[in-house]
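One structure below.
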Amino acid sequence: MPSGPLTGRIRVPGDKSISHRSLMLGALAVGETRVTGLLEGEDVLATAAAMRAMGASIDREADGVWSIHGVGVGGLLQPQGALDMGNSGTSTRLLMGLIASHGISAGFTGDASLSKRPMGRVIEPLSQMGASFEASPGGTLPLLMRGCLPAVPIEYRLPVASAQVKSAVLLAGLNTPGVTTVIEPVPTRDHSERMLRGFGAELSVEERGGERIIKMRGEAELQPQTLEVPGDPSSAAFFIVAATLIEGSDLVIENVGLNPTRAGLIEVLRQMGANIEEQNTREVGGEPVADLRVRHAPLAGIEVDPAIAPSMIDEFPVLFVAAALAQGTTVTTGLEELRVKESDRISAMAAALALAGASVEETEDGLIIHGTGGEPLTGTAHDTKVVTHLDHRIAMSMAIAGLASRAGVAVDSTAPIATSFPTFSALLETARRD
Ligand code: S3P
């Protein structure tokens, strides 16, 4: 391999999903919530700005602790001016849920990527609860919404496996009289459920016939919390794959969140032959956490079980990179949801990997990748650049592909990386220097 191994010990920033929710729930609790390890990426800062615009006071102290003084459930104020969500689908969909049961209205705007993403999936249940919407064609941003007070509790079966849709309905349920029910045919990340309970909401989860039935009593009184955000497994993923691919690597990634609804990539990489050891397993902020020791290992292609997709939904771009270097063929199916992420991640990664010299076939719902068997990719030719479509995970995945290539990989822009992992390049340098 042309590039040096990854060694030493690193720590990735806080979990993005948990960071968004810490700010939102802290802003709805009366009193001071204190958060350590908050991800200070652009997406989370967009949530912070929106919660401030609706009355919460949110400050970063000199030691990096975030202090939030909330307004109480039902206490959100009318924001002056549109809420700019930047690139963040999670901010948009979860905040639409919060606003749906408050007697306020709000405009939402976002960047070119976010403005293409479907909001109909949250507009539908939130309309059933009484909120009203004026969206752009195709149910996209910019949109205007008006909340409903009091909102109507609903029972909603998720038509797509989406933690954002589940969370939007539950957050709307917070200020709704009675019990709001969400039925999940396929389990998705459960941070909202864990954290709503942690803040004192009355929430139960029952499993029946393979479905999860989540019930939450509304008009909740949330209690302020002291929270520690664990490291983001979706950020650790880039380093797990890099250390696996690059010969001689032996890297410890400390404090990685290993919630089972998020840990699918580790399982799939192990099935492919990766050497990932969990050390010092413990709980941080109500979530299972471990230090991961990752050593280089040759990978073999597999058929990835589509049932595991929700627990690694953000990790497919970097899994595709791992597959491109594996021995044999990797087949992925059932990944239609990837087409409505920050970019169409199936076609964006097919194009990106092909440009870097990998052998890839795009199907309707996945990729078929014929790996090199460990031989480096060629890398991008002079004058060609991977198109990242304002998608942070395409940029970071292809940076890792670049490490495993002869000529390196050029991307059109690294700016989107700041949405979720502003310290990515610096941390990669640290790991390669140690
Ligand atoms: C998230 C849910 C997932 C994921 C996103 C974060 C969340 O989106 O892709 O990065 O924090 O709830 P979907 O709900 O669209 O699957």
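Position 1 is the first residue of the sequence; numbering continues from there.
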Evaluate the side-chain contact (heavy atoms from CB on, under 4.5 Å) criterion for residues I213 and V205: first the C-alpha distance (whole Å), next the side-chain angles of each, then the deciding distance (0.1 Å), finally the verdict.
CA-CA 6 Å; I213 298 152; V205 182; over 6 Å; no
Stepwise, does the side-chain hydrogen bond (donor to acceptor under 3.5 Å, both in side chains) test hold for D43 with N87?
CA-CA 7 Å; D43 281 10; N87 190 255; over 6 Å; no
Is atom CD of E364 surrounded by more than 12 heavy atoms (other residues, nucleotides or ligands) closer than 6.0 Å?
no
Any salt bridge linking R146 with E134? Criterion: basic side-chain nitrogen under 4.0 Å from a carboxylate oxygen.
no
d(L196 CG, L203 CG) to nearest 0.5 Å is 6.0 Å
Mutual orientation of the aromatic rings belonging to F316 and F320 [parallel < 30°, tilted 30-60°, perpendicular > 60°]
tilted
Between V284 and P230, the two heavy atoms sitting closest are O-CG, 4.1 Å
Within the side chain of D15, is there an N or O that forms a donor-acceptor pair under 3.5 Å with the backbone of I18?
yes
Donor-acceptor pair, side chain of S19 and main chain of V44, under 3.5 angstrom
no
Please indicate whether R197 has more than 12 foreign heavy atoms, meaning atoms of other residues, nucleotides or ligands, lying under 6.0 Å from its CZ.
yes
Flag for R262-S234: side-chain donor and acceptor within less than 3.5 Å:
yes
Would you please say whether a donor-acceptor pair under 3.5 Å links the side chains of H392 and S420?
yes
Should T176 and M129 count as side-chain neighbours, where that means a heavy-atom distance under 4.5 Å?
yes
Is the shortest side-chain N to carboxylate O distance from K215 to E202 below 4.0 Å?
no
So, the side chain of S405 versus the backbone of L377: is there a donor-acceptor pair under 3.5 Å, distance only?
no
Under the side-chain hydrogen bond (donor to acceptor under 3.5 Å, both in side chains) criterion, do E361 and H370 qualify, and how do the steps go?
CA-CA 9 Å; E361 292 168 54; H370 308 285; 2.7 Å; yes
Check whether the side chains of R21 and S192 place a donor and an acceptor atom closer than 3.5 Å, and report yes or no.
yes
side-chain hydrogen bond (donor to acceptor under 3.5 Å, both in side chains) for T47 and H20? Distances and angles first, verdict last.
CA-CA 6 Å; T47 290; H20 282 300; 2.8 Å; yes
Take the angle between the ring planes of F424 and F239 and call it parallel below 30°, perpendicular above 60°, tilted in between.
perpendicular
Using a 4.5 Å cut-off on heavy atoms from C-beta on, say whether the side chain of L83 contacts that of T109.
no
Do S115 side-chain atoms and A112 backbone N/O form a donor-acceptor pair below 3.5 Å?
no
Any donor and acceptor pair, going by atom type alone, linking the side chain of S249 with main-chain N or O of T244 inside 3.5 Å?
no
With side-chain contact (heavy atoms from CB on, under 4.5 Å) as the test, would you mind laying out the steps for V186 and E211 before giving the verdict?
CA-CA 7 Å; V186 179; E211 298 191 324; over 6 Å; no
I want to check something: taking the side chain as every heavy atom from C-beta on, are L251 and R293 in contact at a cut-off of under 4.5 Å?
no
List the steps, then state whether side-chain contact (heavy atoms from CB on, under 4.5 Å) holds for H389 with E342.
CA-CA 8 Å; H389 302 278; E342 286 82 328; over 6 Å; no
Before you tell me yes or no, could you show the steps for E375 and R406 under salt bridge (Lys or Arg N to Asp or Glu O under 4.0 Å), namely the whole-Å CA-CA distance, both residues' side-chain angles and the distance that decides it to 0.1 Å?
CA-CA 9 Å; E375 280 301 301; R406 288 205 179 82; 3.3 Å; yes
Report yes or no: do E429 and S425 form a side-chain donor-acceptor pair below 3.5 Å?
no
Can you tell whether the side chains of R189 and D314 come within less than 4.0 Å, N to carboxylate O?
yes
Stepwise, does the salt bridge (Lys or Arg N to Asp or Glu O under 4.0 Å) test hold for D344 with R339?
CA-CA 4 Å; D344 174 343; R339 295 206 184 269; 2.9 Å; yes
E155 side-chain N/O to T180 backbone N/O, donor-acceptor pair under 3.5 Å
no
When you compare the side chain of L149 with that of N175, does any pair of heavy atoms fall below 4.5 Å?
yes
Walk me through it: do T333 and D365 pass the test side-chain hydrogen bond (donor to acceptor under 3.5 Å, both in side chains)?
CA-CA 5 Å; T333 53; D365 62 345; 5.0 Å; no
Nearest 0.5 Å, what's the CD1-CG distance between I104 and L98?
9.0 Å
Tell me, do V169 and T181 make a side-chain contact under 4.5 Å, heavy atoms counted?
no
Check: T36/E228 side-chain N/O donor and acceptor closer than 3.5 Å:
no
Backbone of P142 reached by a side-chain donor or acceptor of S136 within 3.5 Å
yes
Using 0.5 Å steps for rounding, measure from the CG atom of L265 to the CD atom of E315.
6.0 Å
Nearest heavy-atom neighbours spanning A172 and S101
O-OG, 2.8 Å
Can you establish whether the number of heavy atoms outside E303 located under 6.0 Å from its atom CD is more than 12?
no
For the atom pair CG (L227) and CG (L38), what is the distance rounded to the nearest 0.5 Å?
9.5 Å
Would you indicate whether the side-chain heavy atoms of I417 and P422 approach each other to under 4.5 Å?
no
Charged N-O contact under 4.0 Å between R270 and E278
yes
Can you tell me how far the CD atom of E267 sits from the CD1 atom of I276, to the nearest 0.5 Å?
10.5 Å
Short question: side chain of T423, backbone of A426 - any donor-acceptor pair under 3.5 Å?
no
Does the side chain of N255 come under 3.5 Å of the side chain of D291 through a donor N or O and an acceptor N or O?
no
Donor-acceptor pair, distance only, cut-off 3.5 Å: does the side chain of T33 make one with the backbone of Q225?
yes
Taken to the nearest 0.5 Å, the spacing of F133 CZ from M119 CE works out to 11.0 Å
So which heavy atom on V12 is nearest to which on F421, and how close?
CG1-CZ, 4.0 Å
Sidechain N-carboxylate O distance under 4.0 Å for D391, R345
yes
Salt bridge (Lys or Arg N to Asp or Glu O under 4.0 Å) between R157 and E184, intermediate numbers included
CA-CA 6 Å; R157 176 179 265 101; E184 262 199 321; over 6 Å; no
Test V289 against E254 for side-chain contact (heavy atoms from CB on, under 4.5 Å), laying out the working first.
CA-CA 9 Å; V289 157; E254 296 175 347; over 6 Å; no
Are the side chain of S397 and the backbone N or O of I394 linked by a donor-acceptor pair below 3.5 Å?
no
Would you check if K341 and R117 make a side-chain contact, meaning some heavy-atom pair closer than 4.5 Å?
yes
Minimum heavy-atom distance A201-L174, with the two atoms named
CB-CD2, 4.4 Å
Do the side chains of R212 and K166 get nearer than 4.5 Å, heavy atoms only?
yes
